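To start, the structure itself, in structure tokens.
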Amino acid sequence: MADREKGGFWVGAAAALFYPLAYLSKRVYRNSEGIPRSGPVLLVMNHVSHLDPAVDAVFVHRAKRVPRFLAKASLVRVPIFGKIMTGAGSIPVARGTSSAGDSLRAAHQALEDGKVIVIYPEGTITKDPEFWPKRSQTGVARLALANDVPVVPCARWGTQEVFNGYTKKFRPLPRKTVTHVVGEPVDLSAYREKEPTPDVLREVTDLLMAEVTTLLADVRGEEPPAKAGSDA
């Protein structure tokens with residue numbers, strides 16, 4: 001069995017905070033071995049609840065890797081939580097500002113250093129009333145095409161039943177089930193020699209989120225909508 005990736009003080013602090021939050025629910029992990037045990041990985045996920053970073057961090061940590069999140073800048077400004085997140089290596093993203101490029105550069109460097117980057121391409125929790133992924137930002141495609149690393153889709157379902165970010169209802173009891181399922185790495189070889197034009201970036205982003213949506217549909221046992229939701 002592979003050794004656990006080394007963390008450090010802040011990763012230990014994150015584990016102390018996040019494991020109890022993750023254990024508010026029952027956990028089902030499908031194909032967690034699909035996360036490579038070493039080397040760089042770009043893990044592409046859907047986003048349904050503000051609890052997602054905590055439960056996703058535990059999921060990746062239990063796969064013996066240390067996750068680095070591309071997280072909204074507002075999230076890392078939360079007292080204690082934000083300090084732990086940045087201390088553990090997460091990267092704040094201030095969308096629509098001049099520092100947004102710094103976030104991508106930091107993510108590129110983390111992948112070059114062999115780390116796991118977790119990204120929510122939607123940028124925030126979905127606004128779809130049925131919790132399907134909405135139309136996503138193309139930063140994920142920029143990362144995926146600029147780094148020849150495994151790009152692994154992953155869906156998670158159930159955290160919205162514990163905490164609904166829009167109704168603000170927190171319902172840990174009775175215990176809900178949160179399921180993670182990992183897909184196969186997405187083959188992007190057909191795109192790597194192309195100029196990363198806006199159209200190419202959109203096509204790759206939609207391809208990656210289609211893979212995530214397929215995994216999510218399987219977990220839910222439902223058919224997804226024909227098209228991803230709007231940017232609203």
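As the structure is a prediction and not an experimental result, all values here were calculated from the model.
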Assess whether side-chain contact (heavy atoms from CB on, under 4.5 Å) is satisfied between E211 and V44, documenting all intermediate values. CA-CA 9 Å; E211 293 290 329; V44 183; over 6 Å; no

Let me see the working for V149 and V41 under side-chain contact (heavy atoms from CB on, under 4.5 Å), right down to the final yes or no. CA-CA 6 Å; V149 305; V41 183; over 6 Å; no

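Side-chain contact between V186 and L207 is present, with heavy atoms from C-beta onward closer than 4.5 Å. Counting heavy atoms from C-beta outward, P224 and L216 have side chains that stay 4.5 Å or more apart. Taking 4.5 Å as the limit, every side-chain heavy atom of K176 sits out of range of all side-chain heavy atoms of T159. No side-chain heavy atom of R30 sits under 4.5 Å from any side-chain heavy atom of V182. The side-chain heavy atoms of L143 and L70, taken from C-beta on, include a pair separated by under 4.5 Å. The closest side-chain heavy-atom distance from L188 to V151 is below 4.5 Å. Two residues are said to be in side-chain contact when any heavy atoms from C-beta on lie closer than 4.5 Å; Q137 and T205 fail this criterion. Using a 4.5 Å heavy-atom threshold, the side chains of V204 and L208 count as touching.
Linking ILVMFWY residues whenever their side-chain heavy atoms come closer than 4.5 Å, directly or via other members, places L17 and F9 in the same cluster. L43 and I125 are assigned to two separate hydrophobic clusters, defined by single-linkage of ILVMFWY side chains at heavy-atom distances under 4.5 Å. Both L104 and I91 are part of a single hydrophobic cluster, where members link through side-chain heavy atoms under 4.5 Å apart. Following chains of ILVMFWY side-chain contacts shorter than 4.5 Å, one can reach M45 starting from V162, so the two form part of one hydrophobic cluster.
E193 CD: 12 or fewer foreign heavy atoms inside a 6.0 Å radius.
For E184, the side chain to side chain donor-acceptor pair (under 3.5 Å) criterion is met by no residue, not counting sequence neighbours. Applying the side-chain contact (heavy atoms from CB on, under 4.5 Å) test to A57 and every residue at least two apart in sequence or in another chain returns F18, P67, F69. Residues meeting the side chain to side chain donor-acceptor pair (under 3.5 Å) test with T126, sequence neighbours left out: none. Remark: D187 pairs with S189 by the side chain to side chain donor-acceptor pair (under 3.5 Å) rule, at least two apart or across chains. For A13, the side-chain contact (heavy atoms from CB on, under 4.5 Å) partners at least two apart in sequence or on another chain are W10, I84. Taking Q109 as the reference, D113 meet the side chain to side chain donor-acceptor pair (under 3.5 Å) condition, with sequence neighbours excluded. Not counting sequence neighbours, the partners of V66 by the side-chain contact (heavy atoms from CB on, under 4.5 Å) test are E5, V11, R68.
For residues 112-131, the ring pair (Phe, Tyr, Trp, His ring centres under 6.0 Å) pairs, not counting sequence neighbours, are H47-Y120. Here salt bridge (Lys or Arg N to Asp or Glu O under 4.0 Å) pairs that include residues 147-161, with residues two or more places apart or in two chains, are D52-R156, D56-R156, D148-R192. Listed by first and then second residue, the side-chain hydrogen bond (donor to acceptor under 3.5 Å, both in side chains) pairs that reach into residues 20-29 are Y23-R62, sequence neighbours excluded. Note on residues 139-178: no pairs pass ring pair (Phe, Tyr, Trp, His ring centres under 6.0 Å), not counting sequence neighbours.
In terms of heavy atoms, I35 sits closest to A63 at CD1-CB, 4.1 Å. The shortest non-hydrogen separation linking I117 to A110 is CD1-CB, 3.7 Å. Closest approach of S136 and M209 over heavy atoms only: OG-CG, 3.4 Å. Between V140 and L42 the shortest heavy-atom distance is O-CD2, 4.0 Å. The two residues A155 and V212 have their closest heavy-atom pair at CB-O, 3.7 Å. Across V58 and A22, no two heavy atoms sit closer than the pair CG2-CB, 3.7 Å.
Put simply, OG on S103 and NE2 on H108 are 10.5 Å apart, with the number rounded to the nearest 0.5 Å. To the nearest 0.5 Å, atoms CZ (R65) and CZ (F59) are separated by 12.5 Å. Note that NE2 of H180 and OG of S32 are 10.5 Å apart. Values are rounded to the nearest 0.5 Å. Residue L201 holds its CG atom at 6.5 Å from CG of L145, rounded to the nearest 0.5 Å. Between the CZ atom in R171 and the CG atom in L24 there is a gap of 15.0 Å [rounded to 0.5 Å]. Annotation: the span from N46 atom CG to T213 atom OG1 amounts to 7.5 Å, rounded to 0.5 Å.
Residues near V178 contribute nothing to a hydrophobic cluster around it, because no ILVMFWY side-chain heavy atom sits closer than 4.5 Å to its side chain.
Checking side-chain atoms of N164 against main-chain N and O of Q160 turns up no donor-acceptor pair under 3.5 Å. A donor-acceptor pair under 3.5 Å links the side-chain atoms of K168 to the main chain of G165, judged by distance alone. Looking at N147, its side chain never comes within 3.5 Å of a backbone N or O of L111 through a donor-acceptor pair. For S90 (side chain) and A88 (main-chain N/O), no donor-acceptor pair under 3.5 Å exists by modelled atom type. Although no hydrogens or angles enter the test, the distance criterion places no donor-acceptor pair under 3.5 Å between the side chain of T138 and the main chain of A141.
Using a 4.0 Å cut-off between a side-chain N of Lys or Arg and a carboxylate O of Asp or Glu, D206 and R135 do not qualify as a salt bridge.
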